[in-house]
Engineer: 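Below is the structure I would like to discuss, written out as structure tokens.
Predicted model only: the values in this text are computed from it and were never measured.
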Number of protein chains: 2
Amino acid sequence: MKDAKNVTITDSEWMVMRAIWTMGHATSRELIDAMNELEGWSASTTKTLLRRLIQKQAVAQHGGSRPFTYKPVVGEKESMAAAADDLFDHMCAMRAGSTIAGVIQSRELSRADIANLQAILAEKAKTAPEEVQCNCLPGDQTC
Amino acid sequence: MKDAKNVTITDSEWMVMRAIWTMGHATSRELIDAMNELEGWSASTTKTLLRRLIQKQAVAQHGGSRPFTYKPVVGEKESMAAAADDLFDHMCAMRAGSTIAGVIQSRELSRADIANLQAILAEKAKTAPEEVQCNCLPGDQTC
DNA sequence: CTTATTAGTTTACAACTGTAGTCACAATAA
DNA sequence: TTATTGTGACTACAGTTGTAAACTAATAAG
């Protein structure tokens with residue numbers, strides 16, 4: 001999974017990011033407790049993940065003195081968009097439509113979300129091509 | 001990334017699956033050539049990936065004699081749906097809507113795809129909740 | 001000040017991934 | 001029947017990921 005800066009964020013790291021994003025900012029203690037409750041991780045595990053996230057510059061350490069505060073460097077929305085794009089990049093372009101359909105069906109969406117999607121689709125319909133080409137192999141073919 | 005049988009398919013393996021799905025069935029030679037052209041991989045690499053996919057039962061070996069034929073065991077559509085669901089499971093439920101919106105905007109969709117999505121959304125609108133709850137941390141909060 | 005506690009840093013280590021070389025055996029050509 | 005070659009099996013190996021123990025430095029408590 002890629003984040004907003006196109007760095008790979010692993011699954012476990014993603015869990016930590018979620019917590020940090022939701023809390024806005026947190027001390028390591030808060031994160032350790034949250035991760036322990038959410039995933040049952042030991043303190044060390046959360047510390048390691050936090051260190052790796054700092055290395056990847058997905059999280060930054062703030063405050064000069066000891067109980068440091070950790071804040072996200074990459075945004076949640078952008079990171080999710082990047083991860084989703086990364087996923088769809090690995091799929092056949094022809095299948096994107098039905099995959100999105102599946103996602104929409106299996107997720108809960110608010111009225112506002114739905115209205116928003118409808119607006120986007122209406123706009124997109126104006127310039128939509130009749131067919132989308134398969135891009136799995138070199139040369140044209142239908143997958 | 002998870003496949004239709006909820007087995008983890010790695011990025012490289014996914015490339016091979018795409019080729020197999022598109023070809024429908026293929027000999028190792030055909031796959032080796034395709035992968036070499038697509039990704040520049042050596043024959044060994046493709047063989048290894050193929051072996052791992054067989055182990056994971058995502059691909060099966062057919063035909064009793066030597067140039068075997070390889071066929072997908074898991075379907076493309078289902079695997080893509082599983083991978084997409086897997087991704088969205090790692091994200092805050094509140095953000096699914098805007099993430100889907102981003103995907104729709106960045107992908108090419110055919111007229112038929114769009115019509116299909118519109119139909120699904122219209123149906124879903126009937127029972128949509130006003131708000132979707134954040135599910136990032138234990139206890140309610142807004143992320 | 002000394003001690004206890006908490007927070008941060010180093011080290012560990014097995015499993016999984018990406019990438020590929022080598023070996024062995026079956027099919028084919030000579 | 002033997003030599004050749006295409007294909008499948010086994011081995012390799014460094015880097016990444018998940019998970020965590022141990023060690024060290026900074027505070028807080030007494």
Engineer: A/Ile9 or A/Thr45: which one's nearest nucleotide on DNA chain D is closer to the 5' end?
Structural biologist: A/Ile9
Engineer: Between B/Glu131 and A/Arg111, is the closest basic N to carboxylate O distance under 4.0 Å?
Structural biologist: no
Engineer: Pick base, sugar-phosphate or nothing for A/Ser42, based on heavy-atom distances below 4.0 Å to the nucleic acid.
Structural biologist: sugar-phosphate
Engineer: Can you tell whether the side chains of B/Arg95 and A/Glu76 come within less than 4.0 Å, N to carboxylate O?
Structural biologist: yes
Engineer: Would you compute the distance between atom CG of A/Asp86 and atom CE of A/Met1 and round it to the nearest 0.5 angstrom?
Structural biologist: 9.0 Å
Engineer: Between CG of A/Leu49 and CH2 of A/Trp14, what distance do you get to the nearest 0.5 Å?
Structural biologist: 13.5 Å
Engineer: Looking at OG of B/Ser110 and CD of A/Glu130, how far apart are the two atoms once the value is rounded to the nearest 0.5 Å?
Structural biologist: 7.5 Å
Engineer: Is there a donor-acceptor pair under 3.5 Å between the side chain of B/Lys124 and the backbone N or O of A/Gln105?
Structural biologist: yes
Engineer: Anything under 4.0 Å to a heavy atom of chain A counts; send over the first and last such nucleotide of DNA chain D, read 5' to 3'.
Structural biologist: D/dT17 to D/dT27
Engineer: Is there a side-chain contact between B/Asn36 and B/Trp41, using heavy atoms and a 4.5 Å cut-off?
Structural biologist: no
Engineer: Could you check which residues of residues 11-24 of chain A get a heavy atom under 4.0 Å from DNA chain D? Sort them by number, please.
Structural biologist: A/Asp11, A/Ser12
Engineer: Donor-acceptor pair, distance only, cut-off 3.5 Å: does the side chain of B/Asp3 make one with the backbone of B/Ile9?
Structural biologist: no
Engineer: Each nucleotide in nucleotides 4-16 of chain C should get exactly one letter: B, S or -. Can you fill that in based on protein heavy atoms under 4.0 Å?
Structural biologist: ---BBBBBB----
Engineer: Relative to the 5' end of DNA chain C, which residue comes earlier, B/Lys56 or B/Gly40, by the nucleotide with the nearest heavy atom?
Structural biologist: B/Lys56
Engineer: Between A/Arg107 and B/Asp85, does a salt bridge (Lys or Arg N to Asp or Glu O under 4.0 Å) hold up when you go through it step by step?
Structural biologist: CA-CA 9 Å; A/Arg107 300 287 145 182; B/Asp85 266 335; 3.0 Å; yes
Engineer: Does A/Glu37 CD have over 12 foreign heavy atoms under 6.0 Å away?
Structural biologist: no
